[in-house]
Amino acid sequence: MQKIDNLRTVLDGDQEKAKVLVVGGGGRCHAIVDALSRSPKVGKIYCAPGNAGIAAQAECVPLKDTQVEELKEFALRENIDLTVVGPEVSLAAGIVDVFRTDGLRIFGPTKAAAVIESSKDFAKQLMEKYHVPTAAFRTFEDYGRALDYVREGKFPVVLKYDGLAAGKGVIIAENMAQAQEALKDMLLDARFGKGRVVVEEFLAGPEFSFMCFVDGEKVWPMTVSQDHKRAFEGDKGPNTGGMGAYSPVPLITDEDIEYSLENIMKPVAAGMVAEGRPFKGVLYGGLMKTPDGIKVIEFNCRFGDPETEVVLPRLESDIYDIFSAVADGTPMPELKWSPKSTLGFVLASNGYPGSYEKGYAISGLDEALALGDIRIYHMGTAAGNDGYATAGGRVLMVVGFGDDLKAAQAHALKAVGCIKCDNLFYRRDIGWRVLK
Ligand code: AMP
Ligand code: GLY
């Protein structure tokens with residue numbers, strides 16, 4: 001099995017230490033498990049369901065992220081001190097509410113607060129009410145009305161399905177035919193379930209991800225990062241769950257961050273309190289630096305994926321203390337970040353985000369890790385005959401550290417070069433906006 005350079009040895013003394021359960025199973029959860037494993041306060045880590053790579057750093061529990069009642073039973077039975085939730089589906093299923101009813105400590109927003117992600121319409125109404133800058137919009141349930149509105153407006157136009165659609169519910173329509181097809185999908189054929197559509201003004205500019213720890217009105221910013229959503233180099237091809245990321249983002253100045261904190265994240269956190277939906281957890285602002293200033297593209301109610309895989313490795317503070325401060329409402333330690341940059345490549349199965357095959361052997365991970373200053377997060381792997389095999393669309397994320405982004409990119413690329421598998425592709429241009 002893979003040797004992880006920062007794998008903790010579970011010693012007898014760990015009896016005194018916290019038992020933590022991480023809910024989820026992709027690269028984001030691997031990065032959370034990895035960060036927790038660096039805390040001297042954390043003993044045993046469980047991950048449900050986890051994956052083959054996570055199993056090197058945590059005990060995987062065969063429960064799905066939506067089996068909320070079973071997860072609660074597990075946490076009660078194992079005397080889990082703290083549960084940390086990765087995916088939005090668990091939050092939208094009310095895992096936090098269920099755990100809290102039984103007095104369990106859990107890091108994440110309630111179902112009522114998670115709507116900031118699960119309903120695009122709710123998020124847009126909130127931003128309008130609290131004067132948070134975002135693209136102009138209208139919401140429709142009726143296909144004919146939506147079509148009339150789009151016909152009278154400008155192209156491109158952005159059409160967003162109002163509900164969770166695994167990052168695939170957003171269409172940028174260049175013309176009437178594309179808009180009609182997308183609206184038909186979303187409102188007539190109910191491809192994602194019966195819903196509504198937010199029709200939004202198209203904005204242009206670089207996007208960045210601003211994740212903050214939030215407890216009610218209190219907001220603590222993390223370092224910023226940038227995702228690459230399109231499948232192919234040059235930002236071509238279909239939208240994916242994310243093909244790579246880096247941190248920090250030199251295009252985004254300290255003033256931009258200050259502006260985003262004061263005019264976007266803090267008013268939204270305060271707005272959620274005022275709406276009777278106080279938010280606890282990670283509030284993720286998907287922001288765009290447009291010629292008219294920074295505007296919100298979307299909010300998520302959780303850590304971003306793959307952003308977490310480049311942000312948490314830079315965190316030097318104890319993440320257990322941070323999670324505890326938010327979960328318990330106790331003082332937050334100072335958030336310290338490594339001055340090093342991180343940049344990560346996602347290795348995905350050929351065909352992703354469409355259909356793809358599984359079960360291809362992966363080798364060379366030990367060689368890649370032996371380079372040092374490399375993290376490999378497993379997104380979709382399974383234990384193979386002799387090591388790991390591919391088991392998902394996105395399979396691995398290889399993250400390199402460097403004194404600057406260029407060095408981080410070169411280092412991560414070297415590590416990617418060590419990894420052998422017959423069915424993986426990746427984008428070589430991660431970081432292109434800042435690394436010409
Ligand atoms: P979302 O799921 O809302 O983040 O949308 C997915 C992607 O669609 C975003 O990361 C943007 O690249 C793009 N997008 C969403 N809304 C807009 C908009 N109003 N203008 C331009 N691009 C957008
Ligand atoms: N990287 C975008 C997301 O986590 O939704």
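Starting from 1, each residue takes its place in the sequence as its number. Whatever order the structure lists ligands and atoms in, that order sets their numbers, starting from 1.
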Exercise. Which atom pair, heavy atoms only, marks the closest approach of P306 to M397?
Worked result: CB-SD, 3.4 Å

Problem set entry | Pairing residues for Q226 by the side chain to side chain donor-acceptor pair (under 3.5 Å) criterion, not counting sequence neighbours | Y246

Problem set entry | Element-labelled atoms of ligand 1 that are located less than 4.0 Å from some non-hydrogen atom of F202 | 20 (N), 21 (C)

Seminar exercise, completed: Of E298, M288, K295, the residue with the heavy atom nearest atom 4 (O) of ligand 1 is E298

What does the contact table look like for ligand 2 (nitrogen or oxygen on each side, cut-off under 3.5 Å)?
{"residue": "ligand 2", "atom": "1 (N)", "partner": "D227", "partner atom": "OD2", "Å": "2.8"}
{"residue": "ligand 2", "atom": "1 (N)", "partner": "D305", "partner atom": "O", "Å": "2.9"}
{"residue": "ligand 2", "atom": "1 (N)", "partner": "E307", "partner atom": "OE1", "Å": "2.8"}
{"residue": "ligand 2", "atom": "1 (N)", "partner": "E307", "partner atom": "OE2", "Å": "3.1"}
{"residue": "ligand 2", "atom": "4 (O)", "partner": "R302", "partner atom": "NH1", "Å": "2.9"}
{"residue": "ligand 2", "atom": "4 (O)", "partner": "D305", "partner atom": "N", "Å": "2.9"}
{"residue": "ligand 2", "atom": "4 (O)", "partner": "D305", "partner atom": "O", "Å": "3.4"}
{"residue": "ligand 2", "atom": "5 (O)", "partner": "N300", "partner atom": "ND2", "Å": "3.1"}
{"residue": "ligand 2", "atom": "5 (O)", "partner": "R302", "partner atom": "NH2", "Å": "2.9"}

Problem set entry | D97 and K72 ion-paired at < 4.0 Å | no

Exercise. Hey, is ligand 1 close enough to E201 that some N/O pair sits below 3.5 Å?
Worked result: yes

Exercise. Looking at V158, which atoms of ligand 1 are within less than 4.0 Å of one of its heavy atoms?
Worked result: 16 (N), 17 (C), 18 (C), 19 (N), 20 (N)

For this session: Answer yes if the side chains of T253 and D256 hold a donor-acceptor pair under 3.5 Å, and no otherwise.
Result: yes

Problem set entry | Sidechain-backbone polar pair: S90 side chain, D65 backbone, donor-acceptor under 3.5 Å | yes

Exercise. Parallel, tilted or perpendicular: which fits the ring planes of F213 and F107, with parallel below 30° and perpendicular above 60°?
Worked result: perpendicular

Exercise. Can you list the residues that meet the side chain to side chain donor-acceptor pair (under 3.5 Å) rule with Q125, with sequence neighbours excluded?
Worked result: D121

Exercise. Quick one: side chain to side chain donor-acceptor pair (under 3.5 Å) partners of K129, sequence neighbours excluded?
Worked result: E275

Seminar exercise, completed: In ligand 1, the atoms that come under 4.0 Å of a heavy atom of K229 are 4 (O), 10 (O)

Problem set entry | Nearest atoms (heavy-atom pairs only) where K120 meets V170 | NZ-CG2, 4.3 Å

For this session: Return yes or no for this condition: an N or O of L203 is under 3.5 Å from an N or O of ligand 1.
Result: yes

Problem set entry | Atoms in ligand 1 with a heavy atom of E207 nearer than 4.0 Å | 9 (C), 10 (O), 11 (C), 12 (O)

For this session: Test E307 against every option in S209, S225, S247 by the side-chain hydrogen bond (donor to acceptor under 3.5 Å, both in side chains) rule and name the one that passes.
Result: S209

For this session: Could you list which atoms of ligand 1 come closer than 4.0 Å to a heavy atom of K120?
Result: 1 (P), 2 (O), 3 (O)

Problem set entry | Proximal ligand 1 atoms for E200, defined as those under 4.0 Å from one of its heavy atoms | 16 (N), 17 (C), 18 (C), 19 (N)

Problem set entry | Axial cation check for Y426 ring with R428, 6.0 Å and 45° limits | yes

Exercise. So which of V296, V170, V198 gets nearest to atom 6 (C) of ligand 1, if we judge by its closest heavy atom?
Worked result: V170

